[in-house]
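All values below come from the heavy atoms of this structure, side chains included, with hydrogens, waters and symmetry mates left out.
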Amino acid sequence: MTPRGDALARAMRVLLPCFTVLVLLYLTLPSILIVLMSLSDQTYLTFPPPGWSLRWYRTMTEDTSWPQAALNSFVVGVPAAALSVVLGTQAALALTRGRLRFAAIASACIVAPMLLPHVIMAIGLYPVMLDLGLLRSYTAAILAHAVVALPLVFIIVSASLRGYGESLELAAMVCGAGPCATFRHITFPMIRMSMAVGGLLAFATSFDELMLSLFLTGPGTRTLPRLIWEQMNAYLTPTIAAVATLVLVLSLVLLGAAALLQRGRIEGSAP
Amino acid sequence: MSSAARGAPLAIEGLAKQYGDVVALAPTDLTIERGEFFALIGPSGSGKSTLLGAIAGFVPPSGGRILIDGDDVVAVPPYRRNIGMVFQNYALFPHMSVFENIAFPLRLRKASEAEIRARVERMLAMVRLPGMGGRRSNQLSGGQQQRVALARAAIYDAGLLLMDEPLGALDKNLREEMQDEIKQFHRQIGATVLYVTHDQEEAARLSDRMAILNHGRLVQVGRSRDLYEAPRNAFVASFLGEANLFAVRHMTSTGGGLAVDTREGIPLAALRGPAGAINGAAVMACVRPEAIELARPGASGLDNRVEGVVDDVVHAAGTVRYRVRVGDGFAITVRRPSRLQAEDPGVGERVALSWRADDTLLILKE
Amino acid sequence: MAGGYAWLLAAPAAFLALFFAWPLVRVVWRGFTDPVLGLGNYARVFGDGPYLRVMLNTIETAATVTALCLLVAYPVAYVMAKTRGRWLQIMAALVLIPLWTSVVIRSYAWMVVFQRRGVLNDLLLATGLVDAPVSFLPGALGVHVGMVHIMLPFMVLPLLSSMRAIDGTLLRAAEVLGASPTKVFWRVFLPLSLPGLNAGVALVFMTSLGFFVTPALLGGPQHMMAAVLIEQQANTYLNWGMASALSSTLLVVTLAIYVVYLRVSGGAADAALVR
């Protein structure tokens, strides 16, 4: 019990919360700035805006490229998320229940796409998609996004499978349930919330993905992040802020949905 | 009960399991009678779970046969073996009600809704949970969950019920209460039960016969009393209850029995040698603590006599345990019933220990 | 029975082989063969030119960002781990919201902060700290502030989950045994939070190595990072051989960190990384 140590500990009790508040402000500041700027009445970006208006939201809807890009993002994101859920869940089942000898290496390989720089995959996928005749198609972006979103589903579903152990499935089998019945009656009800959360996160990943879209989509299939990127390099106007605000709102809705699902998952799987 | 199933006999022939070089279960033979309550006991890692897993169909054996009611089921997947099983952590389905948990096997067997309702209600009454069908399993106490697990395992009249340490998660008092219930339940349904536990007392209370496993090998099979009174080797002797074990140096035949020379330096008198012809080095002498009489030094005693100093006295629930140092400090445990206000010897007092020659059990070392 | 689930690996394995492993093989192959077979591209990558400088700058920036994230995130996660109930929910939401805001858009917001007539210059001018607007863009400050902002949640979350898993009785036991609060922290709490720390550091370092948007918008040519350079080589100069060689180099660096992390964490790639 050194007095110096105690004084330090006391000081920390005050300093740490203050520091935390500052950091949380830093984390939220950009989102707040974006929302405020989207309401500016000026054509150049400045803060605080001299006056307020909704003109940039109007501009956004008048330019058909924005709704088209938003639509493209959904056309790519929904199937990409669905594909990641199907494949990620299969991988999670195989590696948590399959008693494979090389499970640790396999799981490291499945998680890798999430961790490697997307630019490397973009450089590699471009010629592959070209060979397959898929370049600039929705399919190319869907497949690429599924590759980087699959690990998320895999991680979340694996955690859920580990959470309740194998004995439920063994119990079902002893009761007379074959593999399909076991999955339908036991495994699926136990992991469906995690699959849904994983799917939402996978969609969010695709919705925010720039690099792969930059290489693999074309003018007709370009997604929202790509259009924002192109517009940003061309001219900085508050239209981008308006788009960003809408994207932020959508993200928050998805975040809320995921949080609700997760709460359901925790309650649903309590022993 | 009207739906009481006749138990199925179980025969295991040369069943073995190896993981690479590791022998989880050495080739094992075991026969369990129709309707018998049979316990498998042994320390953790002794192979009892492997054996149970192989019978359930979770562990593919490396060799041997498993005959349930005469049919070899080794190649049959678990869901077609028609075995009931109660798991250690109950394994109740958390997303289903109690009713649906118990009804699950019947639904898989495509029973009619009316039949399911009738049978589940009857089963709920039998496990003393009437009217609880609508509850979720996480709203039940440990003992109640255990009864649901029993009901689910028995609802489809399987001839063989496997129980894997079903009471392991319960505290002592509840465990004893549940032991009586399981015994009662077994009488009602009449199925053959194979019960895995590491608790020898539980096995003794519940089972007709038991098998002791150690290091993946079946060491001895028999009734609890037989195993206690005639343990095959030192492991069985010390696993079932307490045992004072002496290393035997050699034995010589005397008029009515055997004179035993021990490494501990205490000469013993015994009646019979160990089962099976064995040279002296692999033999041990076992004396149960409750077979030993305690008296003042010099008092006349039984066939075996040794004096020592009381080292420790523990009174616990009706018995007194003495640790007595004899000879070079070898400790002998003595257990006597505790009598009210008795003048028991205290720590530091010199005492004479004695026991009858037929209480010196000569057993195999391994 | 035991193999019953194993066959489920077939579809994901085939998918990843075709759209993940095969593209990586093509990248590595192309780095040696385009435009001609040989080590020409690598001679340029590791030669005197700007390429090596960009690669080194990438590693340095990623390391700095990781260190900054750790320094900032550790106290925040510590405070969050000690908080319960509503306040924890609010803090968690504030950490998660930026995670769900587009990276492109967040970098855009930092442009607004750091530009010549931006928020920061307004503030500096108003308080009289400077007389004329300071030119922050392009520059290292913006890149670091922007990248730390994006990576911070990825450091906070694994740290938080690791800290929340620490058994409070261990800390009390250490106190009872006479350790001062400072000692309890260094000897007990910090070592027990290491799994989250390792996961956070690996996640942030590897992701930072591949950053594109933030350095492209805020860094300029002086603070170029690998992903920007690779994209430029491929899309602007159509020099796919060079882009592939640079990608392969980046791949090797990233994989090296991944392998080290897997060794340190005991091989469970999925268990530690998220949640």
For the atom pair [atom1] ([X]) and [atom2] ([Y]), what is the distance rounded to the nearest 0.5 Å?
| X | Y | atom1 | atom2 | result |
| --- | --- | --- | --- | --- |
| L9(C) | S107(A) | CG | OG | 10.5 Å |
| S248(C) | I120(A) | OG | CD1 | 8.0 Å |
| I123(A) | S244(C) | CD1 | OG | 6.0 Å |

Quick one: are [X] and [Y] in side-chain contact, heavy atoms under 4.5 Å?
| X | Y | value |
| --- | --- | --- |
| N235(C) | F215(A) | yes |
| L115(A) | F205(C) | no |
| Y5(C) | E169(A) | yes |
| L16(C) | C109(A) | no |
| L24(A) | V95(C) | yes |
| M121(A) | P23(C) | no |

So for [X], is it side chain, backbone, both, or neither that comes closer than 4.5 Å to the heavy atoms of chain C?
| X | result |
| --- | --- |
| M12(A) | neither |
| L250(A) | neither |
| L95(A) | side chain |
| L210(A) | side chain |
| L100(A) | side chain |
| A204(A) | side chain |
| Y126(A) | side chain |
| F207(A) | neither |
| L83(A) | side chain |
| P127(A) | both |
| L132(A) | side chain |
| I34(A) | side chain |
| V247(A) | side chain |
| A144(A) | neither |

For the candidates [options], which exhibits the highest count of non-hydrogen atom pairs separated by less than 4.5 Å from chain C?
| options | answer |
| --- | --- |
| L252(A), T28(A), L116(A) | L116(A) |
| A92(A), P113(A), A91(A) | P113(A) |
| S31(A), A112(A), P225(A) | A112(A) |
| L93(A), L87(A), T89(A) | L87(A) |

Side chain / backbone / both / neither for [X] at chain A, heavy atoms under 4.5 Å:
| X | value |
| --- | --- |
| Y78(C) | side chain |
| L152(C) | side chain |
| W29(C) | neither |
| Q89(C) | side chain |
| V25(C) | neither |
| F19(C) | both |
| V145(C) | both |
| V148(C) | both |
| M91(C) | both |
| L251(C) | both |

| message | Walk me through whether W110(C) and L33(A) qualify under side chain to side chain contact (heavy atoms under 4.5 Å, CB included). | response | CA-CA 9 Å; W110(C) 288 114; L33(A) 276 182; over 6 Å; no
For the residue pair [X] and [Y], what are the closest heavy atoms and their distance?
| X | Y | value |
| --- | --- | --- |
| P75(C) | T20(A) | O-OG1, 4.2 Å |
| V79(C) | P17(A) | CG2-N, 4.1 Å |
| V103(C) | D208(A) | N-OD1, 3.2 Å |
| M232(A) | L217(C) | SD-CD1, 3.4 Å |
| V119(A) | E231(C) | CG2-N, 4.4 Å |
| V128(A) | L18(C) | CG1-O, 4.5 Å |

| request: Any chance you could lay out the side chain to side chain contact (heavy atoms under 4.5 Å, CB included) test for F15(C) and V86(A), step after step, and finish with the verdict? | output: CA-CA 11 Å; F15(C) 177 74; V86(A) 171; over 6 Å; no
| said: P98(C) and side-chain contact (heavy atoms from CB on, under 4.5 Å): which single residue from L27(A), L29(A), L248(A) fits? | reply: L27(A)
I'd like to know if the side chain of [X] and the backbone of [Y] have a donor-acceptor N/O pair within less than 3.5 Å.
| X | Y | answer |
| --- | --- | --- |
| H118(A) | G210(C) | no |
| Y258(C) | A108(A) | yes |
| Y108(C) | I240(A) | no |

| request: State yes or no: are the ring centers of W229(A) and F212(C) separated by less than 6.0 Å? | output: yes
| Residues V72(C), F19(A); criterion side chain to side chain contact (heavy atoms under 4.5 Å, CB included); working and verdict | CA-CA 9 Å; V72(C) 174; F19(A) 180 72; 4.1 Å; yes
| request: Give the C-alpha distance, both sets of side-chain angles, the deciding distance and a yes or no for salt bridge (charged side-chain N to carboxylate O under 4.0 Å, His left out) between D131(A) and R26(C). | output: CA-CA 12 Å; D131(A) 291 353; R26(C) 301 265 310 239; 2.8 Å; yes
